[in-house]
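Working notes for the structure below.
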Amino acid sequence: MSMISSKINDKQIIIKLKNRVCDTSEELLCSDLFATILTMAVKELSKRKSILLDIFENKDDIKEEDIKILIDTFHYICKMPVNLVSQVVKGSEQFSREPELLNDFVQYLYNYWRNFTRFIVCQSEGDGLETRPYRTFHSTIEKLNHLVRKTYRDLQINITHHPKVFRQVTAGAELAAISTSAAVPFSGKIYEKLNQVQMIRQVCIYPPLVLDPPMNKRTGKFERIDQNPLELVDIHAEEWLCYPAKVGPLVINIYFQDRFFELGFSLCNLFEIADDDELEKQPDAVFLFGVPGRVLDDLTKLPTVFYEDNENEMLVAAIPNRDEFGYFGYLKKMALTLHNIRMMKKGKMPFHGAMARIILKGNKEANVLVMGDTGAGKSETLEAFRVLGEEYIQDIIVIADDMGSLSINENGEVIGYGTEIGAYVRLDDLNPGYAFGQIDRAIIMNPSQKNARTILPVTTYDKIAKGHKVDFLLYCNNFDQIDEEHPIIEEFSNAAEAINVFRSGAVMSKGTTTSTGLVQTYFANVFGPSQYRQIHEIIAKKYFEAFFQQGIFVGQMRTRLSIAGWERKGPEEAARGLLEMILSKSN
């Protein structure tokens with residue numbers, strides 16, 4: 001095996017390679033990593049005094065030599081029946097006494113290995129692995145998957161019998177990346193230390209991925225600080241990878257520490273990877289996710305921070321690598337905060353919402369932007385709309401799923417752009433048929449907990465970056481019940497009335513953060529506008545006046561997502577109301 005290193009972090013295994021993995025079962029079983037996993041599995045069984053350890057002569061005193069003999073025994077079992085191995089490996093008789101028990105032990109070991117989240121990082125140093133990704137992934141992650149399954153089955157066959165059912169599970173690694181050395185032309189010397197970190201160029205995943213990160217919700221907001229976090233952070237390059245993310249029109253270099261590899265790799269379902277030519281210039285922002293130690297703790301109350309480096313035209317963000325921050329929402333929302341700040345600096349209006357181009361049968365179409373806070377029902381309503389409107393809808397093209405920006409073109413038209421190619425949505429609020437229909441592309445997080453989430457690719461970068469004229473703008477209200485005075489969709493009569501509702505940013509918390517009850521957030525967007533309220537207020541007034549000048553339908557849509565019993569029915573009825581509104585406006 002052309003291995004550079006391997007590392008075990010809690011429930012993660014990280015294997016760094018040059019260009020290939022093991023060729024044979026012998027290589028696999030003789031590797032240091034296999035010996036480590038076997039030893040760990042035996043220790044785990046010893047804690048509960050499992051009967052599986054009865055394969056050893058003395059289960060209460062298993063020595064290193066016993067582990068070595070077991071590995072030698074496995075090596076020969078791959079080639080011959082277990083009852084013949086004792087003639088070749090001295091001391092292996094203890095393992096052949098009860099073949100069924102030995103087979104159960106092998107099954108346990110196989111499952112123990114597969115319970116880790118397993119990564120392969122193929123480091124390309126002048127050998128052009130990134131120019132032949134299919135071949136590289138075939139010779140690494142594909143090959144390892146086949147070899148681990150083959151070794152497991154050879155052991156089974158020679159211990160007991162052929163299995164009658166073959167399950168082609170992901171037995172080797174679940175995620176792989178090809179990385180290269182970085183040479184980003186940063187303008188400030190302090191940023192040069194980041195060029196020690198390998199840059200991801202391609203990613204291969206085997207969905208559905210089911211991950212169980214340590215946290216299932218986010219708390220607080222991101223704080224602006226007066227000191228560059230990079231001044232406090234020592235970068236040990238071998239512990240980090242960089243995901244250069246295309247966030248709307250920006251490139252944000254997201255550096256994640258190996259403790260949070262499962263979250264960092266999940267970015268591949270959310271943001272496009274930057275192109276080679278985009279890496280030849282300084283990024284718009286850098287973000288360190290997983291800063292070791294407590295160096296950020298004294299900077300502000302909650303150490304989820306960002307810094308505006310005006311001298312070097314750079315935004316810098318940092319979050320610690322403690323379990324309390326081990327939630328994908330911190331990773332995603334900080335990247336979007338940096339995007340929103342950049343957009344405001346350019347005079348554009350960031351929005352927290354979902355936007356879709358809806359093409360109706362008969363060559364009619366409408367571009368709908370729904371704004372609202374986390375858990376308001378934006379994505380859920382659009383997904384319900386997709387299902388309910390099949391009779392009338394030709395296509396739905398996602399422009400923005402969670403965040404985006406607005407600009408005004410030379411004709412005074414308001415144009416909407418997105419930021420992400422994927423969606424990060426609550427499983428509880430999705431139609432079960434839709435969730436299962438997309439499972440072959442999904443990354444699922446914390447499935448057994450409240451606020452279980454899935455990350456799904458839903459659009460392409462070209463679609464979010466193209467820009468589309470806004471026809472309908474709705475605020476997503478998840479807490480009002482419907483009556484004569486509170487219709488599903490209510491139109492505002494003027495900019496002042498509309499901006500007051502959007503500015504209040506009211507939402508009933510759905511448990512996606514640590515907030516509870518009815519919460520009000522400035523423009524339902526704690527990700528930039530709240531921190532730069534003075535700048536945003538000027539921009540917002542300009543844009544709301546433009547909405548009404550351009551004849552855009554501006555109103556609010558009541559999803560009732562937070563009302564018990566309406567979690568699915570509410571967005572479905574909101575979707576019906578939205579469809580009726582579009583049809584009436586399009587006729």
Side-chain angles (χ1 to χ4, degrees), residues 9-10 12 14 117 119 121 175 177 179 182 184 191 193-194 196-200 203 211 213-225 228-230 232-247 250-271 273-274 283-297 299-300 302-307 314-341 403 419-420 422 424 443 445 453 455 527-528:
N9 278 340
D10 192 21
Q12 296 184 155
I14 302 162
T117 305
F119 306 91
V121 180
L175 305 100
S179 65
V184 180
Y191 301 99
K193 67 171 85 173
L194 297 175
Q196 304 169 38
V197 178
Q198 289 265 312
M199 185 87 67
I200 291 174
V203 174
L211 306 176
M215 198 67 187
N216 68 333
K217 63 180 63 176
R218 181 182 50 80
T219 188
K221 66 178 184 178
F222 305 127
E223 299 286 348
R224 184 180 178 184
I225 58 174
N228 193 328
L230 271 174
L232 306 172
V233 180
D234 291 326
I235 299 293
H236 299 285
E238 70 280 359
E239 297 178 356
W240 295 78
L241 279 177
C242 175
Y243 188 96
K246 295 171 74 165
V247 185
L250 309 180
V251 173
I252 299 177
N253 284 4
I254 303 176
Y255 300 83
F256 54 94
Q257 205 259 357
D258 58 22
R259 180 172 181 175
F260 289 148
F261 261 27
E262 61 183 3
L263 299 177
F265 271 85
S266 298
L267 288 166
C268 69
N269 261 14
L270 193 70
F271 295 121
I273 297 175
D284 297 280
V286 295
F287 171 20
L288 276 67
F289 183 65
V291 173
R294 299 267 175 181
V295 296
L296 303 177
D297 288 10
L299 299 176
T300 186
L302 191 68
T304 52
V305 298
F306 66 89
Y307 169 75
M314 178 67 70
L315 287 170
V316 185
I319 290 178
N321 74 342
R322 300 195 291 273
D323 279 357
E324 63 196 277
F325 304 108
Y327 174 59
F328 189 75
Y330 284 106
L331 190 56
K332 167 188 158 101
K333 293 298 191 182
M334 180 64 89
L336 295 174
T337 298
L338 299 173
H339 163 272
N340 291 347
I341 295 169
M403 205 77 74
T419 53
E420 306 130 278
Y424 179 53
I443 298 174
M445 294 188 176
R453 293 271 183 155
I455 312 172
F527 312 107

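Since we're looking at a predicted model, the values are computed, not measured. Just the heavy atoms: all of them, side chains too, but no hydrogens, waters or symmetry mates, feed the values below.
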State, with a plain yes or no, whether a side-chain heavy atom of [X] is found less than 4.5 Å away from one of [Y].
X	Y	answer
Pro303	Glu223	no
His236	Pro292	no
Glu239	Asn321	no
Val247	Leu338	no
Leu230	Tyr307	no

Quick one: pull up [atom1] in [X] and [atom2] in [Y] and give me the separation to the nearest 0.5 Å.
X	Y	atom1	atom2	answer
Phe328	Leu267	CZ	CG	4.5 Å
Asn340	Leu315	CG	CG	11.0 Å
Leu336	Glu420	CG	CD	5.0 Å
Leu302	Thr304	CG	OG1	4.0 Å
Ile319	Lys333	CD1	NZ	12.5 Å
Ile455	Leu211	CD1	CG	8.0 Å

Between [X] and [Y], is there a donor-acceptor pair closer than 3.5 Å when you use the side chain of the first and the backbone of the second?
X	Y	value
Arg218	Tyr330	no
Asp284	Val251	yes
Gln12	Glu262	yes

Stepwise, does the side chain to side chain contact (heavy atoms under 4.5 Å, CB included) test hold for Tyr191 with Asn228?
-> CA-CA 10 Å; Tyr191 301 99; Asn228 193 328; 3.2 Å; yes

Looking at [X] and [Y], what are the two nearest heavy atoms and their distance?
X	Y	value
Gln198	Ser179	OE1-OG, 2.7 Å
Tyr327	Lys217	CD2-C, 3.4 Å
Pro283	Met314	O-CE, 3.6 Å
Met334	Ala318	CE-O, 4.4 Å
Arg322	Gly293	NH1-O, 3.6 Å
Ala335	Ile252	O-CD1, 3.4 Å

Go through Phe527 and His339 one step at a time and tell me if the side chain to side chain contact (heavy atoms under 4.5 Å, CB included) criterion holds.
-> CA-CA 9 Å; Phe527 312 107; His339 163 272; over 6 Å; no

Partner of Phe256 under ring pair (Phe, Tyr, Trp, His ring centres under 6.0 Å), picked from Tyr243, Phe261, Trp240, is Phe261

Give the C-alpha distance, both sets of side-chain angles, the deciding distance and a yes or no for side chain to side chain contact (heavy atoms under 4.5 Å, CB included) between Leu270 and Ile443.
-> CA-CA 10 Å; Leu270 193 70; Ile443 298 174; over 6 Å; no

Quickly, which of Val184, Asn253, Leu288 forms a side-chain contact (heavy atoms from CB on, under 4.5 Å) with Leu194? Name it, please.
-> Leu288

Could Asp323 and Arg259 be called an ion pair, given the rule that one side-chain N must be under 4.0 Å from one carboxylate O?
-> yes

Just do the side chain to side chain contact (heavy atoms under 4.5 Å, CB included) check on Tyr255 and Val291 with the steps written out, would you?
-> CA-CA 10 Å; Tyr255 300 83; Val291 173; over 6 Å; no

For the rings on Phe306 and Phe222, is their centre-to-centre separation under 6.0 Å?
-> no

